[in-house]
Number of protein chains: 4
Amino acid sequence: MLETLKERVCRANRELVAHGLVALTWGNASGIDRQRELAAIKPSGVSYDELSPERIVVVDFAGRVVEGEGRPSSDTPTHLYLYRHMPSIGGIVHTHSRHATMFAQARQEIPCLGTTHADHFHGPVPVTRPLSPSEVEEDYEVNTGRAIVERFAELDPTSMPAALVAGHGPFAWGNDVSEAVHNAVALEAVAEMALGTRLIDAKAVVLEPYLLNKHFLRKHGPGAYYGQD
Amino acid sequence: MLETLKERVCRANRELVAHGLVALTWGNASGIDRQRELAAIKPSGVSYDELSPERIVVVDFAGRVVEGEGRPSSDTPTHLYLYRHMPSIGGIVHTHSRHATMFAQARQEIPCLGTTHADHFHGPVPVTRPLSPSEVEEDYEVNTGRAIVERFAELDPTSMPAALVAGHGPFAWGNDVSEAVHNAVALEAVAEMALGTRLIDAKAVVLEPYLLNKHFLRKHGPGAYYGQD
Amino acid sequence: MLETLKERVCRANRELVAHGLVALTWGNASGIDRQRELAAIKPSGVSYDELSPERIVVVDFAGRVVEGEGRPSSDTPTHLYLYRHMPSIGGIVHTHSRHATMFAQARQEIPCLGTTHADHFHGPVPVTRPLSPSEVEEDYEVNTGRAIVERFAELDPTSMPAALVAGHGPFAWGNDVSEAVHNAVALEAVAEMALGTRLIDAKAVVLEPYLLNKHFLRKHGPGAYYGQD
Amino acid sequence: MLETLKERVCRANRELVAHGLVALTWGNASGIDRQRELAAIKPSGVSYDELSPERIVVVDFAGRVVEGEGRPSSDTPTHLYLYRHMPSIGGIVHTHSRHATMFAQARQEIPCLGTTHADHFHGPVPVTRPLSPSEVEEDYEVNTGRAIVERFAELDPTSMPAALVAGHGPFAWGNDVSEAVHNAVALEAVAEMALGTRLIDAKAVVLEPYLLNKHFLRKHGPGAYYGQD
């Protein structure tokens with residue numbers, strides 16, 4: 001079942017490696033079938049070389065394995081929490097990509113310092129609050145998703161397709177798993193460039209709001225004129 | 001039409017990837033036929049893998065598509081403005097290459113700290129002024145070109161084949177599109193090395209003017225003695 | 001003899017190159033057969049291209065060559081000292097990987113700033129004390145091992161599978177040589193990210209102990225639920 | 001003539017690319033036949049892809065082309081000056097490798113902060129004094145060699161096989177051109193690690209002299225025990 005989705009999720013997981021976003025097995029991509037309320041996700045701890053569409057695990061919204069022989073990614077409950085509470089998204093990527101993780105570890109949002117950022121993220125990329133001991137102790141992965149969703153109380157996941165989990169690393173998402181990979185690549189690039197910009201000038205200013213809006217809306221929404229129809 | 005030019009422009013776009021200057025679809029290269037007043041440029045949002053000479057779009061100086069099925073790069077008006085106002089140039093490259101973009105985001109020129117820089121750029125690489133809200137609102141891409149040309153009021157595009165657009169990223173150019181790629185590679189390298197040099201010593205001095213002149217003129221102009229005849 | 005072990009050790013040495021952990025011949029991997037008290041290790045100064053299982057050198061615990069034509073790695077006495085005093089380990093990797101070596105040269109432990117670190121190392125990665133002139137003069141490589149073991153007086157090599165040798169570089173280990181490579185990759189990544197985190201915020205806080213424990217135990221020990229059974 | 005030497009020099013030039021030490025045409029390697037007093041060197045401005053042993057240019061000590069159709073590297077007079085005044089060396093490499101060039105641009109020696117450095121360079125890697133206007137104006141490339149040799153008045157090119165030219169970049173050398181490449185790779189690595197070490201701790205201490213000596217002599221000279229016989 002879900003053969004096309006499993007194939008896309010498999011390819012997305014491999015693309016994380018090709019884009020240099022993951023080392024070892026530190027990343028996972030998933031996609032969702034909203035009608036059936038089923039998600040396809042990477043099996044836990046399996047190397048990307050050994051991945052094939054048949055090994056992608058299908059789970060329902062409660063996290064029960066519906067198809068596939070392996071155990072799903074240990075981050076599955078986080079993915080599912082996001083899918084349940086962000087109805088507009090169709091794919092999720094989690095990595096420990098170097099520069100985005102540096103900001104997550106510093107527990108600082110990634111400021112919008114340029115148009116590369118504005119092309120993908122409509123404002124600074126937010127960072128979650130730390131989890132409490134009891135939130136870590138029990139249902140840790142669900143609570144990670146909860147902290148992201150809590151942080152998005154006044155943010156729109158469509159115009160801000162990523163979050164940094166404090167002390168951990170980035171999650172990115174999109175309409176589908178391919179767009180989620182795309183946003184994870186962009187996130188890593190803007191994190192690297194934000195760090196470098198601040199090394200050149202610790203007081204570098206954030207992008208003017210009118211230029212931020214222009215670039216984001218040039219690529220997204222009804223007035224977009226980037227790309228092909 | 002313009003088969004040779006389209007092939008060169010196609011190859012130049014792919015070279016941006018090979019040189020590590022672009023991720024995803026964040027860059028574009030164009031070339032011009034000055035006699036016919038036609039430019040060949042990358043189609044918007046198309047991945048470099050899928051690019052072929054046939055997909056390169058030909059536009060006239062007013063930006064009208066003369067040949068090709070896709071929409072040209074959204075940065076086409078900037079390229080055309082530069083071609084119209086810098087009659088000596090034959091090719092243009094725009095990227096978001098990491099270190100050049102860091103300087104553009106910090107809104108600082110790239111100081112000439114060494115002979116690698118002097119071999120390609122006859123002085124610090126300039127940065128444009130920020131655009132006003134109305135310049136961003138309307139004809140944004142044309143105004144980006146205008147800001148570059150304005151910044152070059154007292155600069156010669158032949159001896160300074162690049163500019164940083166404030167808050168955005170670099171443009172580089174040359175006699176033809178191949179030389180524009182070459183200069184974009186050099187720009188990224190000197191940006192990276194300038195940042196590193198200043199991390200070693202925040203007060204590192206700029207190159208002596210007589211050494212800057214020596215290196216630039218060793219490679220460019222009538223007395224050049226670098227390369228083959 | 002030890003054909004399987006030699007093949008694994010050969011492959012591990014090549015993986016160091018594939019993971020970008022070594023340049024030239026700056027690294028070595030070894031594995032042990034605890035029953036026979038024999039270790040298999042890279043020959044000294046041989047390039048990774050030319051390596052084959054037959055060229056892997058077998059030595060006994062006293063460092064005598066039991067099989068193989070070349071001289072074993074000059075770091076062999078360090079490996080053997082670790083094998084003798086850390087009975088739980090089955091493979092060792094030594095590299096000069098860039099960022100881990102930077103911390104070793106700065107003679108600072110790598111602080112645990114995030115969950116990538118916590119997934120592999122149960123606390124800050126320790127650095128040894130400097131060796132005295134006489135320790136360097138005589139039995140230098142044995143004394144290097146001794147300094148590591150001394151530093152582990154109150155540490156468990158199973159939950160802290162790496163050490164930085166002051167002024168030198170990292171050693172990593174594991175149940176077998178493949179896990180040692182894995183830990184060397186993780187060590188380099190967490191070192192790079194720790195440096196970047198501190199560049200973003202010089203006062204970035206270390207991970208909460210309860211989150212450190214959660215991540216380490218999620219992957220290691222009886223309650224682990226990461227990976228496949 | 002000098003077929004073996006030309007082949008080695010050709011291969012060394014290509015290795016500079018493989019090791020990531022040069023972009024575009026920014027580097028050159030040469031080798032010498034001391035008996036015939038002839039040097040083989042890269043042609044100027046030729047891309048490494050197009051290089052073949054036949055295209056390597058042979059020059060005499062006065063810089064006259066003895067064999068080969070192209071113009072030799074514009075840095076040829078520097079190479080020849082070094083060969084004439086450093087009788088122990090057999091190969092030279094010049095690059096603009098990123099981190100070594102950063103130190104050259106900062107006009108700071110590379111301090112010996114670890115054993116990777118000590119394995120190859122017996123002390124800090126020196127930087128030349130700036131050239132005067134008249135030294136740049138006339139016989140610039142010869143004067144570059146002169147400044148290096150002047151800096152080595154109390155240094156031995158055998159134990160210090162590299163120099164940084166102030167505001168320019170590194171030269172490295174060795175017994176033959178292959179060893180020169182090897183030292184250029186090591187130089188770039190130790191420069192990168194020195195910069196990173198100082199970012200971790202601006203006051204990081206240099207390696208103890210007894211440890212510096214141990215490592216250098218472990219690999220070089222009559223008591224060396226690294227590598228195969």
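Here is how names work: the chains are called A, B, and so on, in the same order as the sequence lines, proteins then strands, and each is numbered from 1.
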Once the angle between the rings of [X] and [Y] is folded into 0 to 90°, is it parallel (under 30°), tilted (30 to 60°) or perpendicular (over 60°)?
X: His168(C); Y: Phe171(C); value: perpendicular
X: His96(D); Y: Trp26(D); value: tilted
X: His220(D); Y: Phe216(D); value: parallel

Using non-hydrogen atoms and a 4.5 Å limit, figure out which bit of [X] sits close to chain D: side chain, backbone, both or neither.
X: Gln108(C); answer: side chain
X: Ser73(C); answer: neither
X: Val165(C); answer: neither
X: Glu69(C); answer: neither
X: Ser134(C); answer: neither
X: Arg98(C); answer: both

Is [X] close to chain C through its backbone or its side chain, or both, or neither, when contacts mean heavy atoms under 4.5 Å?
X: Ala118(D); answer: neither
X: Arg198(D); answer: neither
X: Lys219(D); answer: side chain

Choice from Pro133(C), Pro43(C), Gly45(C), Gly167(C) maximising heavy atom contacts with chain D below 4.5 Å: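 Looking at each of Pro133(C), Pro43(C), Gly45(C), Gly167(C) in turn, Pro133(C) comes out on top.
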Greatest number of heavy atom pairs closer than 4.5 Å to chain D - which of Ala106(C), Gly169(C), Ala194(C):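 Between Ala106(C), Gly169(C), Ala194(C), the count favours Ala106(C).
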Looking at chain C, which one of [options] has the largest number of heavy-atom pairs inside 4.5 Å, strictly under?
options: Asp201(D), Thr116(D), Leu195(D); value: Thr116(D)
options: Ile200(D), Leu207(D), Leu199(D), Val205(D); value: Ile200(D)
options: Thr197(D), Asp119(D), Leu211(D); value: Thr197(D)

Would you call [X] and [Y] a salt bridge, taking side-chain N to carboxylate O under 4.0 Å as the test?
X: Lys6(C); Y: Glu54(C); answer: no
X: Lys214(D); Y: Glu138(C); answer: no
X: Arg84(C); Y: Glu37(C); answer: no
X: Glu208(D); Y: Arg107(C); answer: yes

Ring centres under 6.0 angstrom apart (His120(D), His215(D)):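 For His120(D) and His215(D), the ring centres are not under 6.0 Å apart.
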Thr158(D)-Asp156(D) side chain donor-acceptor pair, cut-off 3.5 Å: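 Looking only at side-chain atoms, Asp156(D) and Thr158(D) do form a donor-acceptor pair, the distance falling under 3.5 Å.
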